Trainee: 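Structure below; questions to follow.
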Amino acid sequence: MKNQELAQIFADIAELLEIKGENPFKVRAYQKVVPVLQSLTESIEEIYQRGELTSIPGIGKGIAEKIEEYLTSGKLKYYQELKESVPKGVVSLVTIPEVGPKTAIALYNKLGITSIDELEKAAREHKIRGLPGMGEKTEENILRGIELVRRRGTRMMLGNALPLAKEIVETLQKLKDVDRISLAGSLRRMKETVGDIDILVTSHNSTRVMEVFTHLPLVRQILAAGDTKSSVILEQGIQVDLRVVEPECFGAALHYFTGSKDHNIRIRELAVKKGLKVNEYGIFRTRDDKRIGGAEEVEVFQMVDLPYIPPELRENTGEVEVAQKGNLPCLLELSMIKGDLHVHTKWSDGLHTLEEMVEEAKKMGYRFLAVTDHSQSLKVARGVSLENLNKHLDEIARLNTQYRPFCILTGAEVDIRSDGTLDYPDEILARLDVIIGAIHTNFKQDEAVMTERIITAMKNKYVNIIAHPTGRLLSGRDPYQVNIEKILKAAAETETFLEINAYPERLDLRDVHVRRGKDLGVKITLGTDAHNKMQLHYMNFGVATARRGWMEKKDVLNTGEVEEILSLLWHKRQN
DNA sequence: GCCGTTTTCGGCCCGACTGTTTTCAGTCG
């Protein structure tokens, strides 16, 4: 699949054209095609071979020719020439807040600046304030921007940001001055990482709300404190923006601040065609500027003849077109989850006993729990030896009697060895209900070997599930080199379920792969990988990833009753 | 560069804020 490569190339082209001061609408045309390519569920090669490139929205004659050139020759002359025409390093300047394409090229033309370090030096030596349109403040802002980029670095994981955001919302909600309140931004869309936390409020006393907000104990620094917008930095290093709007604007503002930007643009384009104007203050008739709605978010969609689109889908990756046809998925919900299919206990490296885990699961309203401790050779995680496995199974049998009708499924997270064989013999696997295959060692194999390793494991008829299929960690470990397309296809063919690991640092499979998997007929399981009982509550992050991957109840194994689940899992064993 | 029950040419999402300016360009979300 060259889809992602081409998406990156067109994103680069857009940036380069912008720096060169090209027609902004041409720039926009390249920008627009990026998410289209990223979210294509079919490989671009296949579409090209059918001669249907220009039937894809956003791809016309010009871009189709460039795609053809790249697919047939592996190169794109236009892109090469464009890169050569812009000095290396200038592109990096636009990563600094306050520095856009115009400023970047001016800094290069007038001062020869081609890196962030050179920019910092020039600012410190007060060489920037002499340039046209730039003064003392600009210089200060650039220095602050550089500092921010260096300090902030990365985005915050959803699993860390959401609890912080909820705490702030709960505090503000208690104020009698706060009427309605909601999270917005990428956090509301439940993206796996977020750049900041956006909160929206309606209030008749915004001064008071802002006062409380900017003086929350978690606040380290106040960036701005106005009547309609305040921004702070928390001790944890993340920025929080609070906006106060009038009640009649709440829905329009919520839609606006939830984004994504590309989704919003798409909606506004539709509005324009209907003679309407949508902004954060409401929905207006263009001809007389008369307000015709905006208090509720759903009105924004109704105005352009769409059904309500859940925030997790709002990425402009086809959700608007699918909504127009009335084919939006009926997304999975947390309440549909009847149990967890990946948990650890004291039998391997978990913190709590099996009994403690079961008690917590019962409290959560679950009907079952699959206990999947690590296998024998994973010594770092105190993998369960064959000898201990029997005792382990005895304990499960005893507890199953005690807790009936709650059901503890026997299982194991079995290591997939470097050659694709498993860390327990087949006769042991045959005795367990749920076998999760997973890679925990030898991550550095090349793509072909790693892909074959996982596919070999999937071909074992006892392997029901592949856990965290790409091995990535959001805190900083790249996925292993693996051909995800081949893995998805093999999963569908071998009746192997792929896991969405709900552990906030993993969220693996990730959203885009889940969605691709759905098109290929891959079935999904959700597992928290809980190593203590509180981590069972990570399930909502798994559900969020499933929703962002367009998953419905029927696509997810955990929504079934135990009998159904076992019959689906074991179907493979009968062949 | 894309696109079309207003159009194959002339449009292309919208507004706030900032800093530098005497009316606006650039950046951001």
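Bear in mind that the values here come from a model prediction, so they are computed numbers and not experimental data. Only this structure's heavy atoms are used, side chains among them; waters, hydrogens and symmetry mates stay out.
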Trainee: Would you state whether a donor and an acceptor, one from the side chain of Asn264(A) and one from the base of dG29(B), lie under 3.5 Å apart?
Mentor: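 Answer no: no donor N or O sits under 3.5 Å from an acceptor.
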Trainee: Please state whether the rings of Tyr538(A) and Tyr503(A) are parallel, tilted or perpendicular, taking 30° and 60° as the class boundaries.
Mentor: perpendicular
Trainee: Please work out which residues in residues 296-321 of chain A have a non-hydrogen atom less than 4.0 Å from an atom of DNA chain B and list them by number.
Mentor: none
Trainee: Verify whether one side chain among Thr545(A) and Asp511(A) offers a donor that lies under 3.5 Å from an acceptor in the other.
Mentor: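 Checked: Thr545(A)/Asp511(A) side chains show no N/O donor-acceptor pair below 3.5 Å.
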Trainee: State which of dG15(B), dG1(B), dG26(B) makes the closest approach to the side chain of Thr103(A).
Mentor: dG26(B)
Trainee: Decide, for dT7(B), between syn and anti: a glycosidic angle within 90° of 0 counts as syn, anything else as anti.
Mentor: syn
Trainee: Under 4.5 Å between any side-chain heavy atoms of Glu18(A) and Val94(A), yes or no?
Mentor: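 A side-chain contact under 4.5 Å is absent here.
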Trainee: Using atom types as modelled and distance alone, determine if a side-chain donor or acceptor of Glu125(A) lies under 3.5 Å from a backbone N or O of Ala122(A).
Mentor: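 No; judged by distance alone, with no hydrogens or angles, the pair does not exist.
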Trainee: Please check this pair: side chain of Glu139(A) against backbone of Ile128(A), looking for a donor-acceptor N/O pair closer than 3.5 Å.
Mentor: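 Yes, the answer is positive, given that a donor and an acceptor are paired below the 3.5 Å cut-off.
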Trainee: Counting any heavy atom closer than 4.0 Å, what does Gly58(A) reach on the DNA or RNA strands: base, sugar-phosphate only, or nothing?
Mentor: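 The answer is sugar-phosphate, as Gly58(A) gets under 4.0 Å only of primed atoms, P, OP1 or OP2.
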Trainee: May I have the distance from Asn23(A) (atom CG) to dC3(B) (atom C1'), rounded to whole angstrom?
Mentor: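 After rounding, the reported distance stands at 14 Å.
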Trainee: How would you label the contact of Lys32(A) with the nucleic acid (heavy atoms, under 4.0 Å): base, sugar-phosphate, or nothing?
Mentor: nothing
Trainee: If you assign each of Gly135(A) and Glu98(A) to its closest nucleotide in DNA chain B, which residue comes earlier from the 5' end?
Mentor: Gly135(A)
Trainee: Is a side-chain donor-acceptor pair under 3.5 Å present for Arg129(A) with His126(A)?
Mentor: yes
Trainee: Side-chain N or O of Thr138(A) versus OP1/OP2 of dT20(B): is the shortest distance under 4.0 Å?
Mentor: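 True: Thr138(A) side-chain N/O within range (under 4.0 Å) of dT20(B) OP1/OP2.
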Trainee: Report which part of the nucleic acid Lys277(A) touches: base, sugar-phosphate, or nothing (heavy-atom distance under 4.0 Å, all strands).
Mentor: sugar-phosphate
Trainee: What contact category does Ile96(A) fall into here, base, sugar-phosphate, or nothing, at under 4.0 angstrom with non-hydrogen atoms?
Mentor: sugar-phosphate
Trainee: So if I take residues 238-257 of chain A and measure heavy-atom distances to DNA chain B, which residues fall below 4.0 Å?
Mentor: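 Heavy-atom cutoff 4.0 Å gives Tyr256(A).
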Trainee: Measure across Arg472(A) and Arg506(A) and return the closest heavy-atom pair with its distance rounded to 0.1 Å.
Mentor: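 Result for this residue pair: NE-O, 2.7 Å.
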Trainee: Can you tell me the base-pairing partner of dT8(B)? Count Watson-Crick or G-U wobble geometry only, both distances below 3.5 Å, and say none if there is no partner.
Mentor: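 None - no nucleotide pairs with dT8(B), as no candidate has both distances under 3.5 Å.
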Trainee: So what does Ile267(A) touch, heavy atoms closer than 4.0 Å: a base, only the sugar-phosphate, or nothing?
Mentor: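 Nothing, no nucleic acid heavy atom in range.
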Trainee: Find which nucleotide of DNA chain B each of Ile63(A) and Asp196(A) is nearest to by heavy atoms, and output the residue with the more 5' nucleotide.
Mentor: Ile63(A)
Trainee: Is a donor from one side chain sitting under 3.5 angstrom from an acceptor on the other, for Glu5(A) and Tyr70(A)?
Mentor: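 Note: Glu5(A) and Tyr70(A) side chains meet the donor-acceptor criterion.
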Trainee: If I pick the C1' atom on dT18(B) and the same atom on dT22(B), what distance separates them, to the nearest angstrom?
Mentor: 16 Å
Trainee: For Lys137(A), answer base if it contacts any base atom (sugar-phosphate contacts may also be present), sugar-phosphate if it contacts only those atoms, and nothing otherwise; contact means non-hydrogen atoms under 4.0 Å.
Mentor: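 It contacts sugar-phosphate atoms only.
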